[in-house]
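Predicted, not measured: the structure shown is a model, and the values here were computed from it.
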Amino acid sequence: MSHYKRDQASNRDALFGGAGSSSGGGGRKARASSTRSAASPTSAAAAAPRPSPRNNAGIRSTLGSTSNTPVNDPQITPGPSEIFGGKIASRNRMVSILNGQAKIDKMAEAEDNRLKAKQAMTRGIFSKPDPISAANFYKRAADAYKACGENRLERLHRIASGDLQMGQDAYATAAAEYTRAAELAEISDETLPRKRQECHKLHSDAATAWANMGEKGRSAESTVKAAFGLIMGQDLTAAIDKKALARIEESIETFVPDPLNRKRDYRRNGISAYDDPNANPNDQSAQRNALELAKQNIVTDSYAHETLFQIGAELIRRRHYESALYALGAGTASLEAEGFATVSLSRAYVSETVLTLAMGDTVAASQDFQRVHLQRTSYLSSRECALGEDLIRACDAMDLDALDEARSKTGPHRAALANLEPALRGLVMEIRVSGRAKKEKKNADVVSKKPAKTATAVASPAAAPTKPVLSSPKAELSSDDVLKETAASFEEMDDIMNQMGIGDDEEEDDDDDIDLT
């Protein structure tokens with residue numbers, strides 16, 4: 001029982017702090033510490049830098065340093081698990097890290113499981129490799145390394161377990177292992193390009209596993225995370241490169257196929273997977289077959305549209321309005337196919353209207369509003385419908401006062417504006433009565449430059465009385481020289497008129513030669 005008491009004391013110290021926190025238990029903890037010191041000098045040395053609970057609060061830094069990517073920088077793109085997982089992903093990483101003898105024992109247990117997994121995959125005379133047992137041993141080793149805070153070792157054993165599970169058609173377990181390994185790759189000590197590559201690869205493997213299992217929604221979500229793994233650590237205001245943007249648009253189509261997306265023409269990269277390049281564009285049968293196939297593969301799971309709207313918000317922050325409208329169109333199609341949404345669908349409609357107006361296309365916004373949005377009965381009495389109508393009417397009439405009143409924070413549409421995504425709410429304030437929405441920074445630069453030019457223009461007349469402009473000094477001419485220059489000027493004018501045929505002296509009396517009889 002002595003080893004159990006030692007482990008129990010080490011775990012209690014790791015969870016609730018070192019000795020000396022209470023007078024009653026201080027003597028028992030001190031005796032346990034002295035016993036451990038006498039029994040094992042190595043364990044005492046390992047247990048010496050025992051941190052307090054306040055130091056254990058930074059679990060992220062314990063699991064892996066993120067020096068290559070600032071953790072809390074609002075201008076840097078976080079990892080895909082944080083973008084699409086939110087507080088859930090952060091809470092899953094908040095685990096207690098063992099210290100002291102407990103950590104040493106747990107590391108030994110992990111090493112023992114690793115050796116058992118290796119032995120299970122060894123072929124003998126009377127035995128053959130057992131991938132199922134090896135995968136379980138690798139998973140146990142990964143769990144042990146997780147308790148010890150060993151990011152890299154846990155990630156490697158998760159990947160090994162996932163590979164073996166995929167070989168045995170255990171797709172759900174393999175997808176879970178790949179997803180956990182991808183989350184660890186986001187906070188690892190690797191360089192930023194390697195972190196992007198690992199995150200993209202692991203989430204893609206998880207998507208493949210979910211697809212083999214028939215989970216279309218989870219497969220699409222993992223595909224989105226894999227695409228956003230390529231822009232992890234990038235500036236939020238920087239444009240996305242063409243390769244990453246193409247992968248993001250491909251991930252959008254995994255939720256809603258292009259034949260069902262009304263905004264499919266706004267896709268900027270690649271072609272739809274449902275388009276046959278060899279088919280005739282005017283062939284109606286091919287279009288019907290593609291439409292039927294798309295209806296079978298559309299994702300209508302609960303909260304699937306929220307992922308698409310989150311993609312649209314991320315693209316709006318980076319000024320990719322066309323691709324963002326493509327994502328919002330997919331979210332709207334998902335809600336329409338579901339058939340139960342009312343409030344969410346109304347917000348999706350007004351989001352399309354706001355983004356189309358921000359692109360400067362008032363005609364397209366008006367047509368979608370009349371032909372599609374108003375055909376939904378539940379949308380007619382919503383607050384979002386009134387907001388969209390006033391915005392379209394103000395832009396159509398090019399009335400800046402009406403536009404400011406419609407998007408005012410204290411106006412009649414403040415409730416509808418408050419329910420929009422923060423990125424869309426900021427985009428409403430950038431809508432112009434004519435032209436595409438632009439950044440406020442550029443407008444501020446233009447305004448700051450104009451007063452400087454005006455000031456210089458105003459200052460130049462003021463300086464005129466004090467410092468008059470004088471002509472270059474010339475020598476004074478005599479009266480004879482003035483007459484000569486005047487005569488020369490007249491002669492030059494006569495020559496020009498003669499060349500034009502209007503100054504010839506011989507034609508002065510032409511009117512006298514005309515016979516009027």
Side-chain angles (χ1 to χ4, degrees), residues 79-86 88-89 92-93 113-114 117 120-121 129-143 145-146 151-188 194-230 232 244 246-257 273 293 296-304 306-308 310-311 334:
S81 298
E82 186 173 350
I83 295 176
F84 300 100
I88 298 177
N92 290 337
R93 288 197 285 262
N113 287 322
R114 187 188 68 83
M121 292 300 295
D130 187 2
I132 297 179
S133 299
N136 291 330
F137 284 126
Y138 277 130
K139 186 179 185 303
R140 294 178 185 177
D143 293 337
Y145 285 127
K146 176 182 179 180
N151 183 306
R152 183 174 180 273
L153 293 174
E154 180 188 356
R155 186 169 75 254
L156 293 177
H157 287 78
R158 297 282 182 193
I159 296 174
S161 176
D163 292 341
L164 293 175
Q165 297 285 2
M166 281 289 289
Q168 299 302 313
D169 297 342
Y171 299 123
T173 307
E177 296 296 333
Y178 287 140
T179 303
R180 173 60 184 170
E183 293 177 357
L184 292 173
E186 296 177 14
I187 57 175
S188 65
R194 183 176 178 84
K195 288 165 64 174
R196 290 176 178 174
Q197 182 180 3
E198 288 186 1
C199 187
H200 175 73
K201 178 66 169 58
L202 292 171
H203 278 303
S204 298
D205 293 341
T208 303
W210 288 123
N212 293 335
M213 191 178 177
E215 292 285 345
K216 297 183 293 183
R218 294 184 177 182
S219 176
E221 186 176 355
S222 296
T223 306
V224 170
K225 291 181 179 179
F228 274 87
L230 297 174
M232 180 175 53
R247 295 307 303 268
I248 291 174
E249 292 178 345
E250 290 175 3
S251 65
I252 294 173
E253 192 179 10
T254 57
F255 280 94
V256 178
L293 183 60
Q296 297 175 6
N297 294 325
I298 187 174
V299 177
T300 57
D301 297 345
S302 300
Y303 309 108
E306 293 187 357
T307 303
L308 293 170
Q310 185 65 33
I311 296 173
S334 177

Undergrad: Just by distance, do the side chain of Gln168 and the backbone of Pro131 share a donor-acceptor pair under 3.5 Å?
TA: no

Undergrad: Does any part of the side chain of Arg114, heavy atoms only, come nearer than 4.5 Å to the side chain of Leu153, both counted from C-beta?
TA: no

Undergrad: For the pair Arg158 and Asp143, evaluate salt bridge (Lys or Arg N to Asp or Glu O under 4.0 Å) and give the outcome as yes or no after the intermediate values.
TA: CA-CA 9 Å; Arg158 297 282 182 193; Asp143 293 337; 2.8 Å; yes

Undergrad: Write out all pairs satisfying side chain to side chain donor-acceptor pair (under 3.5 Å) with one or both partners inside residues 198-213, taking only residues at least two apart or from two chains.
TA: Arg155-Glu198, Arg194-Glu198, His200-Arg247, Lys201-Asp205

Undergrad: Hey, does Pro80 have a side-chain heavy atom less than 4.5 Å from the side chain of Glu186?
TA: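 In contact.
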
Undergrad: Taking the side chain as every heavy atom from C-beta outward, state whether Met166 and Tyr178 have any pair of such atoms under 4.5 Å apart.
TA: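 Yes, close enough: below the 4.5 Å cut-off.
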
Undergrad: Can you list the residues that meet the side chain to side chain donor-acceptor pair (under 3.5 Å) rule with Arg196, with sequence neighbours excluded?
TA: none

Undergrad: Quick one: side chain to side chain donor-acceptor pair (under 3.5 Å) partners of Asp301, sequence neighbours excluded?
TA: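 Counting only residues at least two positions away or on another chain, Asp301 forms no side chain to side chain donor-acceptor pair (under 3.5 Å).
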
Undergrad: Would a 4.5 Å heavy-atom cut-off, applied to side chains only, mark Leu308 and Ile252 as touching?
TA: yes

Undergrad: Around atom CD of Gln197, are there more than 12 heavy atoms from other residues, nucleotides or ligands closer than 6.0 Å?
TA: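 For Gln197, atom CD is not crowded (no more than 12 foreign heavy atoms under 6.0 Å).
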
Undergrad: Over 60° means perpendicular and under 30° means parallel, so classify the ring planes of Tyr145 and His157, tilted if in between.
TA: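 His157 vs Tyr145 ring planes: tilted.
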
Undergrad: Would you mind reporting whether Met213 and Asp169 have side-chain heavy atoms less than 4.5 Å apart?
TA: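 Not in contact.
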
Undergrad: How about CG on Leu293, more than 12 heavy atoms from neighbouring residues, nucleotides or ligands closer than 6.0 Å, or not?
TA: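 Result for CG/Leu293: enclosed.
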
